[in-house]
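Notes to accompany the following structure.
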Amino acid sequence: MRATERNRLARHRITDIARSRPSLRQFLPTSLSPGDIRGVLKDAQTAPSNSNTQPWTVHVVSGAARAALGKELLRAEEEGRTSPDFTDGYGDGRYLERSQALGASVYRARGIERSDRDGRRAAVRENLEFYGATHAAFLFMSALGDGVRTAGEAWGWLPSIFL
């Protein structure tokens with residue numbers, strides 16, 4: 001097989017993966033074994049990074065610890081004790097329009113009307129309970145330089161745990 005044909009097939013496979021990946025909002029109640037979790041994280045550790053620095057540390061919470069963390073996050077949100085790590089504004093124009101269109105689509109699929117403020121807030125709060133997932137993984141990154149490289153490292157690592 002010629003190199004051009006191999007490249008075309010590789011691009012096709014990457015396209016298939018990218019276009020078929022889900023954005024999960026519900027999970028089965030089935031837990032992964034600690035060995036399975038370690039295996040996924042070991043494979044993800046081979047993700048490419050700038051100068052092979054791999055500046056990440058992962059912490060996984062499960063079971064009672066995950067449930068307690070979710071409750072504390074909900075309590076903090078109720079009390080206004082949240083502190084986002086990054087801004088959530090989209091400015092105006094096409095980025096805001098895309099965000100609003102996605103939100104409308106998600107709420108519509110869940111049967112939540114735009115005027116249903118309580119329903120929309122409940123849906124957002126599901127984030128804080130990890131959408132019912134039995135495990136939650138937290139990725140901690142060292143701030144390198146201006147932080148841009150660190151962000152790039154995270155976006156290089158994260159897909160590797162889902163492939």
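Residues: numbered from 1 along the sequence shown.
- Using a 4.5 Å cut-off on side-chain heavy atoms (C-beta onward), Tyr107 and Arg120 make contact.
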**Q.** Full working for side-chain contact (heavy atoms from CB on, under 4.5 Å) between Arg81 and Glu72
**A.** CA-CA 10 Å; Arg81 296 185 290 114; Glu72 179 54 34; 2.9 Å; yes
For residues 90-101, which side-chain N or O atoms pair as donor and acceptor with protein atoms under 3.5 Å away, sequence neighbours left out?
none

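- Ser62 is linked by a side-chain contact (heavy atoms from CB on, under 4.5 Å) to Val60, His135, counting only residues two or more places apart in sequence or in another chain.
- Once rounded to the nearest 0.5 Å, the distance linking NZ of Lys71 with CG of Leu69 reads 12.0 Å.
- Remark: the backbone N or O of Val124 is paired with a side-chain donor or acceptor of Asn127 at under 3.5 angstrom.
- Rounded to the nearest 0.5 angstrom, Asp118 CG and Ile112 CD1 are separated by 10.5 Å.
- With sequence neighbours excluded, the residues that form a salt bridge (charged side-chain N to carboxylate O under 4.0 Å, His left out) with Glu77 are Arg121, Arg125.
- Atom CZ of Arg117 has 12 or fewer heavy atoms from other residues, nucleotides or ligands within 6.0 Å.
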Q | Audit row: Phe138, Val61, side-chain contact (heavy atoms from CB on, under 4.5 Å) steps and yes/no | A | CA-CA 8 Å; Phe138 295 88; Val61 292; 3.7 Å; yes
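- Rounded to the nearest 0.5 Å, atoms OH (Tyr131) and CD (Glu126) are 7.0 Å apart.
- There is no path of hydrophobic side-chain contacts, each under 4.5 Å, that joins Leu28 to Ile37.
- Nearest heavy-atom pair, Val58 versus Ala137, reported as atom, atom and distance to 0.1 Å: CG1-CB, 4.3 Å.
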Q: Please lay out, stage by stage, how Leu74 and Glu129 fare under the test side-chain contact (heavy atoms from CB on, under 4.5 Å).
A: CA-CA 8 Å; Leu74 287 172; Glu129 294 185 291; 3.2 Å; yes
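- Across Arg110 and Ala123, no two heavy atoms sit closer than the pair NH1-CB, 3.4 Å.
- Residue Glu113 places its CD atom among 12 or fewer non-hydrogen atoms of other residues, nucleotides or ligands, all under 6.0 Å distant.
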